There are 2 protein chains.
Amino acid sequence: MTKRKLNSTFTLNESFLTECDLTYAVNKIGGRWKILIIDKLSDQKLRFSELNKIFPLITERMLTLQLRALECDGLVKRTVYAEVPPRVEYELTPMALEFLPIFKQLSAWGNKHKGLTK
Amino acid sequence: MTKRKLNSTFTLNESFLTECDLTYAVNKIGGRWKILIIDKLSDQKLRFSELNKIFPLITERMLTLQLRALECDGLVKRTVYAEVPPRVEYELTPMALEFLPIFKQLSAWGNKHKGLTK
DNA sequence: TGTGGTACGAACAAAAGTGTAAGTAATGAC
DNA sequence: GTCATTACTTACACTTTTGTTCGTACCACA
């Protein structure tokens with residue numbers, strides 16, 4: 001996505017951290033809007049503009065970035081139709097589909113404990 | 001942790017985002033070292049200095065911040081012993097223990113797909 | 001000729017997260 | 001009195017992430 005300086009402690013630590021399968025997994029869904037996007041795509045293909053309407057607060061730029069990251073991580077498949085005006089559809093990959101049951105548990109956990117700090 | 005400006009779009013979006021149970025849950029473990037800390041605490045209490053030794057790359061400041069955040073979110077319990085030199089022990093709360101099985105699945109998913117982008 | 005819709009891209013700015021380097025309190029051991 | 005130990009705290013700098021604003025290509029259609 002954005003260019004990074006190599007050899008910064010930040011980056012070095014990142015390498016160390018992603019050696020952990022758990023951290024690796026969480027990093028993949030760590031972007032601000034990624035989870036919501038995956039959730040919406042869980043049972044349907046959606047176009048860029050449709051996602052944009054579903055999440056009015058996300059900017060086009062952010063949506064682009066998050067989708068690109070998801071695509072890059074192999075969680076989302078991007079299909080471009082050579083039409084005018086352009087049409088691009090996004091859908092989950094099998095790898096992402098395997099994530100969904102975990103999502104449900106996470107969601108249940110979140111729901112159970114939300115607001116009950118302590 | 002750090003003070004935030006209210007009313008920034010960033011903060012407003014955060015409110016919107018954490019309405020989603022899923023995003024809420026992921027945010028709780030989103031800090032850079034939180035997952036590793038929880039993992040280490042999964043079967044034992046540990047002192048501040050012990051955690052620091054386990055993760056040589058984390059700075060004391062970061063360790064403090066992450067532990068404070070975890071405590072604030074009700075995932076970690078902090079026990080201070082009135083001794084000199086000070087002794088502070090950290091352990092998981094029941095809420096965090098409920099997270100562990102999900103962690104295992106996340107970890108398995110990460111292990112399966114790591115390196116297999118696409 | 002001009003307008004409209006789609007899915008972006010680029011330049012910039014703001015905010016948050018993370019790392020660096022130093023310092024602190026309390027007290028028991030020497 | 002000095003030093004060592006533990007668990008921090010503070011001030012600052014740097015990196016990444018997120019948001020703002022503007023602009024683009026393409027062609028159908030009016």
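For the numbers below, each heavy atom of this structure counts, side chains included, while hydrogens, waters and symmetry mates do not. Bear in mind that the values here come from a model prediction, so they are computed numbers and not experimental data. First the proteins, then the strands, lettered A, B, ... as listed; each starts at 1.
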Provide, to the nearest angstrom, the distance between the CG atom belonging to A/Leu63 and the P atom belonging to C/dT6. 14 Å

Under 4.0 Å between a side-chain nitrogen and a carboxylate oxygen: does that hold for A/Glu98 and B/Lys112? yes

Give one of base, sugar-phosphate or nothing for B/Gln66, where a contact means two heavy atoms less than 4.0 Å apart. sugar-phosphate

The side chain of A/Leu65 is closest to which nucleotide in this list: D/dT18, C/dA16, C/dG19? D/dT18

B/Ser42 side chain to B/Asp39 backbone, donor-acceptor under 3.5 Å: yes

Side chain of A/Thr11 (C-beta onward), nearest among D/dT20, D/dT16, D/dC8: D/dT16

Would B/Arg32 and A/Phe10 count as a cation-pi pair here, with the cationic atom under 6.0 angstrom from the ring centre and within 45° of the axis? yes

Round to the nearest Å and state the distance from A/Glu60 atom CD to C/dG5 atom C1'. 11 Å

Please list, chain by chain and in numerical order, all residues satisfying salt bridge (charged side-chain N to carboxylate O under 4.0 Å, His left out) with A/Glu50, sequence neighbours excluded. none

Starting at CZ of A/Arg61 and ending at P of C/dA11, how long is that distance when rounded to a whole Å? 12 Å

Pick the nucleotide of DNA chain C nearest each of A/Tyr90 and B/Met62; which residue has the one closer to the 5' end? A/Tyr90

Can you measure A/Glu89 atom CD to C/dA7 atom P for me and round it to whole angstrom units? 9 Å

Counting only side-chain N and O atoms of A/Thr9, is one of them less than 4.0 Å from OP1 or OP2 of C/dT20? yes

Does D/dC8 have OP1 or OP2 under 4.0 Å away from a side-chain N or O of B/Arg78? yes

Spacing of B/Leu17 atom CG relative to C/dA15 atom P, expressed in whole Å: 18 Å

Given atom CG of A/Asn52 and atom P of C/dA7, what is their separation to the nearest angstrom? 9 Å

B/Arg68 atom CZ is separated from D/dT10 atom C1', nearest whole Å, by 14 Å

Could you tell me whether a side-chain N or O of A/Thr64 sits under 3.5 Å from a main-chain N or O of A/Glu60, the two making a donor and an acceptor? yes

Keeping the roles fixed (side chain from B/Ser15, backbone from B/Thr11), state whether a donor-acceptor pair exists under 3.5 Å. yes

Indicate, with a heavy-atom threshold strictly under 4.0 Å, whether B/Asn13 touches base, sugar-phosphate, or nothing. sugar-phosphate

Distance-only, no hydrogens or angles: does the A/Thr93 side chain make a donor-acceptor pair with backbone N or O of A/Gly74 under 3.5 Å? yes

Let me know the distance between CG of A/Leu51 and C1' of C/dC8, rounded to the nearest Å. 14 Å

Pull out every protein N or O sitting under 3.5 Å from an N or O of nucleotides 4-6 of chain D, one pair per line with the distance.
| unit_1 | atom_1 | unit_2 | atom_2 | d |
| --- | --- | --- | --- | --- |
| D/dT6 | O3' | B/Arg47 | NH2 | 3.1 |
| D/dT6 | O3' | B/Pro86 | O | 2.8 |

Per B/Ser8 side chain, nearest of listed nucleotides C/dA15, D/dA7, C/dG9: C/dA15

